[in-house]
Every structure is written in structure tokens, then in C-alpha cells.
Amino acid sequence: TPPDPLAYIIYTSGSTGKPKGARVPHRGLLNLISWYRRTGGITTADRITQTMSLAFDPAGFEIWSCLTSGAALYLVPQSIVSDPVELRNFLIANSIIMVAVPTPLAEQLFALAWPNTTALRVVFTGADALRLPPPASLPFQPVNLYLPPQTTVPPATALLPPNGPSLPPVRPPPRHPTHPRPPPAP
């Protein structure tokens with residue numbers, strides 16, 4: 001086995017418009033799964049959604065975190081994922097603890113009323129700039145992600161403060177001590 005075996009290759013055009021393969025080694029996937037599980041405090045009793053397209057690399061942290069922790073993975077129908085009210089209702093009805101959604105949908109979810117008793121602990125968003133900070137009334141923690149695939153998602157994150165004067169910069173998440181960030185693919 002090579003010292004840094006490949007977990008998968010994801011194809012992206014990035015900002016250049018030219019498709020390229022980004023190699024994701026096992027250590028990068030381990031960092032990602034470890035961080036995601038720690039951030040949500042995932043246990044075998046928890047429920048997490050799979051909302052991202054399988055062609056989009058964040059689907060990996062949704063799926064692998066469940067497989068490695070024993071949590072239940074709920075596949076959300078596309079008709080629900082595209083409707084913020086229906087998605088909120090699905091999350092509440094199924095006692096979901098974590099969800100990942102694109103920024104425009106996150107902003108719509110943040111604007112909705114949420115019961116204080118919701119099981120939801122973390123909402124991950126990314127791929128676009130948030131226009132407004134989340135309201136203080138949210139009963140869950142919003143987390144902003146920076147998602148270039150060649151560095152294993154997410155190489156940078158920010159906890160979003162409620163009603164903050166400005167949005168915080170994203171910062172690298174803590175890495176597993178024996179698994180530093182992999183170099184970009186050529």
C-alpha cells in the first residue's frame with residue numbers, strides 16, 4: 001500500500017473552467033470525517049440528512065460521518081430539499097441533528113421560525129457568501145464552509161455569530177494530529 005493511498009478523485013472545473021481531477025487521500029477523508037463528527041457530536045442515536053447531490057463532494061461528509069459513527073442517514077427527497085419550509089418541517093419531524101445546505105437555502109432556513117425544542121444542532125452552508133448574519137433566535141449553530149475540493153472539504157470553516165456586525169472570516173478546522181492537509185493535485 002502506498003504511504004498516502006487514494007480514497008477517491010473528484011472532478012472540478014474550479015475557477016479556470018477546465019476540468020481537472022482532485023485527488024483526495026485517505027488521510028484527507030479521515031480529517032474530514034473526524035472534524036464533522038466532532039462538530040456535531042455525532043452518536044449512534046443521531047440522525048443526519050443527505051441533501052447534497054452525490055456529484056458534489058460535500059455529500060461525502062454527510063455519508064461517511066454516518067457510516068463511521070453508526071448514526072442514521074436520512075435521504076431527503078429533492079422536492080423537499082428545494083423548499084425551505086418543507087425542509088424545516090422534515091428536519092423537525094425526523095429529529096435531524098445536522099444538515100448541509102447551499103448558502104441561498106441556508107439564508108431562507110435562517111429566516112424561518114424554529115421551535116426551541118428542535119433536535120437540530122448544526123446547519124452547514126457554503127459555496128457562496130452569506131449576505132446577512134444569522135438571527136440570534138436560531139436554536140442551532142450555523143457553520144460556514146469554504147469548499148475547494150482539491151484540499152478535502154472543508155479546509156476552512158467559521159461558526160457564525162448571531163446578529164454579528166459582520167460575517168467572520170473562515171478558518172481551517174482542526175486536523176487529526178497525524179493527518180495534515182494533503183497537497184493539491186497537479
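These numbers come from the heavy atoms of this one structure, side chains and all, not from hydrogens, waters or symmetry mates. Small disclaimer: the values here were computed from a predicted structure and weren't measured.
- Here Asp46 contributes atom CG and Thr43 contributes atom OG1; the two are 3.5 Å apart, rounded to the nearest 0.5 Å.
- Side-chain polar atoms of Asn31 and Ser34 form no donor-acceptor pair below 3.5 angstrom.
- Side-chain contact check for Val99 versus Thr51: some heavy-atom pair is nearer than 4.5 Å.
- Once rounded to the nearest 0.5 Å, the distance linking CD1 of Ile63 with CD of Gln50 reads 4.5 Å.
- Note that the CD atom of Gln141 and the OG1 atom of Thr39 stand 10.0 Å from one another [nearest 0.5 Å].
- Between Tyr36 and Val143 there is no side-chain heavy-atom pair separated by less than 4.5 Å.
- Sorted by first and then second residue, the pairs that involve residues 93-105 and meet side-chain hydrogen bond (donor to acceptor under 3.5 Å, both in side chains), not counting sequence neighbours, are Thr103-Thr125.
- We find the OG1-CD1 distance between Thr68 and Ile33 to be 5.0 Å, quoted to the nearest 0.5 Å.
- Side-chain atoms of Cys66 and Arg47, non-hydrogen and from C-beta on, never get closer than 4.5 Å to each other.
- No side-chain donor from either of Glu86 and Ser79 sits under 3.5 Å from a side-chain acceptor of the other.
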**Q.** Steps toward side chain to side chain contact (heavy atoms under 4.5 Å, CB included) verdict (Phe90, Asp83)
**A.** CA-CA 10 Å; Phe90 179 92; Asp83 182 326; over 6 Å; no

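- For Glu62 against Ala100, the heavy-atom pair with the smallest separation is OE2-CB, 3.7 Å.
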Q: Determine, step by step, whether Trp64 and Leu32 satisfy the side chain to side chain contact (heavy atoms under 4.5 Å, CB included) criterion, reporting the C-alpha distance in whole Å, the side-chain angles of both residues, the deciding distance to 0.1 Å, and the verdict.
A: CA-CA 9 Å; Trp64 285 104; Leu32 170 66; over 6 Å; no

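- The line from CD1 of Ile42 to OG of Ser65 is 4.0 Å long, rounded to the nearest 0.5 Å.
- Looking at every heavy atom in both residues, Ser69 comes nearest to Thr44 through O-CG2, 3.2 Å.
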**Q.** Step-by-step side chain to side chain contact (heavy atoms under 4.5 Å, CB included) determination, Leu87 to Val101
**A.** CA-CA 10 Å; Leu87 180 56; Val101 294; 3.9 Å; yes

Q | Ile97 and Phe140: CA distance, side-chain angles, deciding distance, side chain to side chain contact (heavy atoms under 4.5 Å, CB included) verdict | A | CA-CA 9 Å; Ile97 65 142; Phe140 51 81; over 6 Å; no

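- For the residue pair Pro135 and Phe110, the shortest heavy atom distance occurs at CG-O, 3.4 Å.
- Closest non-hydrogen pair, Leu112 versus Pro84, comes out as CD1-O, 3.5 Å.
- The OG1 atom of Thr49 sits 10.5 Å away from atom CZ of Phe124, with the distance rounded to the nearest 0.5 Å.
- Taking 4.5 Å as the limit, every side-chain heavy atom of Ser137 sits out of range of all side-chain heavy atoms of Trp114.
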